[in-house]
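Following: one structure in structure tokens, then a few remarks.
No experiment lies behind these values; they were computed from the predicted model shown. The chains referred to below are lettered A, B, ... by the order of the sequence lines, with proteins before strands, and numbering in each begins at 1.
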2 protein chains.
Amino acid sequence: MSVDEIRRRPSNTRASVLRAPGPCARWDDDNAAFIREILDLVGDKWSVLVIGTLADGPVRYSDLADAIPGVSQRMLTLTLKQLRRTGLVAREAFAEVPPRVEYRLTPLGASLLSTVLALAEWSAEHFAEIRGNQLAYDRG
Amino acid sequence: MSVDEIRRRPSNTRASVLRAPGPCARWDDDNAAFIREILDLVGDKWSVLVIGTLADGPVRYSDLADAIPGVSQRMLTLTLKQLRRTGLVAREAFAEVPPRVEYRLTPLGASLLSTVLALAEWSAEHFAEIRGNQLAYDRG
DNA sequence: CAGTATCCTCTGAGATACTG
DNA sequence: CAGTATCTCAGAGGATACTG
């Protein structure tokens, strides 16, 4: 899929209006909003860390909290809720004492994991280059 | 590169400390911070839209503003500054009247574009499924 | 045209305390 | 254990006006 196809992808929420031709390609409002929605999800402060933690199999709530440095209970709960709503993560509660709740990736979540992994790989590859650019820029 | 390799990738900022083994894999603090840094960049409200707009070649400041729905001058300027600092975007000013300034992707920026495109493609493929999940979740 | 400068608002998110 | 309920605050980001 090309950039332009994504930019112009017909919206299924309302008729998308092609803007008047200009000096460069323009984002259709709907598609810009849609991309932003996915990026909000992926770019969310904790989502990707949660997804990465669930890569190897089901994990309990408290183990998630331990595995992810710095996450608060509130944010972990909100993040999990959001991921469940999107269908990336499934929750299973066991009727035991003490209570046990496990979270795991759905197939959809697993497919996103591999995509996000490509981004992580890119980051790892260009880490040094980016740091160098930042230093050079900051020097003047 | 596997999830675990990314999770454990040795930091070049300070010695990374492997955490005590637990019930599930844990993120090393440094690597979690690094991934968050890249996701902050990519997940930024305007960055990806700017990068996508520059996909086809150099674009002037005011054309960028027109091409990206809803961006304010302030945010466009800040986003471009950030992208330049990271080395994803280059700026060229022409000594003319009226002044002309063009922005274009660097090779680094172009390589990120293709990676982000994979994410956009994933989004497009699973758009309907995600919307359905959200509806189902919201119903009860 | 291509930005800066300033003000202002509103939300993301941490800390803390409580509960089934 | 696995959450929820409040309080609080910094800062992301919009609107507007100004400038080289």
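- Closest heavy-atom contact between L49(A) and W27(B): O-NE1, 3.0 Å.
- Rounded to an integer number of Å, the gap from CE of M75(B) to P of dA15(D) is 12 Å.
- D138(A) contributes atom CG, which lies 4.5 Å from atom CZ of R85(B) (distance to the nearest 0.5 angstrom).
- Contact between the side-chain N/O atoms of Y103(A) and the OP1/OP2 oxygens of dG3(D) is found at a separation under 4.0 Å.
- For the side-chain contact (heavy atoms from CB on, under 4.5 Å) test with Q82(A), the passing option among L41(A), D44(A), D40(A) is L41(A); the others fail.
- For the pair E102(B) and R100(B), the salt-bridge criterion is met [side-chain N within less than 4.0 Å of a carboxylate O].
- The residue among P99(A) and G70(A) whose nearest nucleotide of DNA chain C is located toward the 5' end is G70(A).
- Between R84(B) atom CZ and dG3(C) atom P there is a gap of 8 Å when expressed in whole angstrom units.
- For the pair Q82(B) CD and dG11(D) P, the computed distance is 16 Å after rounding to whole Å.
- The distance from atom CZ of R91(B) to atom C1' of dA2(C) is 8 Å, rounded to the nearest whole Å.
- For the atom pair CG of L88(A) and CG of N133(B), the computed distance is 8.0 Å after rounding to the nearest 0.5 Å.
- Closest to the side chain of R60(B), from the set dC1(D), dA2(C), dA13(C), is dA2(C).
- The distance between atom CD of Q73(B) and atom P of dT6(C), rounded to the nearest whole Å, is 16 Å.
- Here the P atom of nucleotide dG12(C) and the CG atom of D40(A) are 9 Å apart, to the nearest Å.
- Annotation: of the two residues near DNA chain D, L78(B) and D63(A), the 5′-most nearest-nucleotide partner is D63(A).
- Paired regions of DNA chain D, where each region holds three or more successive Watson-Crick or G-U pairs whose two hydrogen-bonding distances fall under 3.5 Å, are C:1-20 with D:1-20.
- Using a 4.0 Å heavy-atom distance criterion, F94(A) is classed as making no nucleic acid contact.
- Put simply, S62(B) has a side-chain N or O that comes within less than 4.0 Å of OP1 or OP2 on dA2(C).
- Comparing dC1(D), dG14(C), dA2(D) against the side chain of P98(A) picks out dC1(D) as the nearest.
- Going from atom CD1 of I51(B) over to atom OG1 of T115(B) covers 10.5 Å, rounded to the nearest 0.5 Å.
- With rounding to whole Å, R74(B) atom CZ is found 11 Å from dT4(C) atom P.
- For K81(A), whose side chain is taken as the heavy atoms from C-beta onward, the closest listed nucleotide among dT4(D), dG13(D), dC1(D) is dT4(D).
- Remark: P of dG3(C) and CG of L83(B) are 13 Å apart, rounded to the nearest angstrom.
- More than 12 heavy atoms of other shown residues, nucleotides or ligands fall within 6.0 angstrom of atom CZ in R84(A).
- At dT4(C), none of the side-chain N or O atoms of Y61(B) fall inside 4.0 Å of OP1 or OP2 (strictly under the cut-off).
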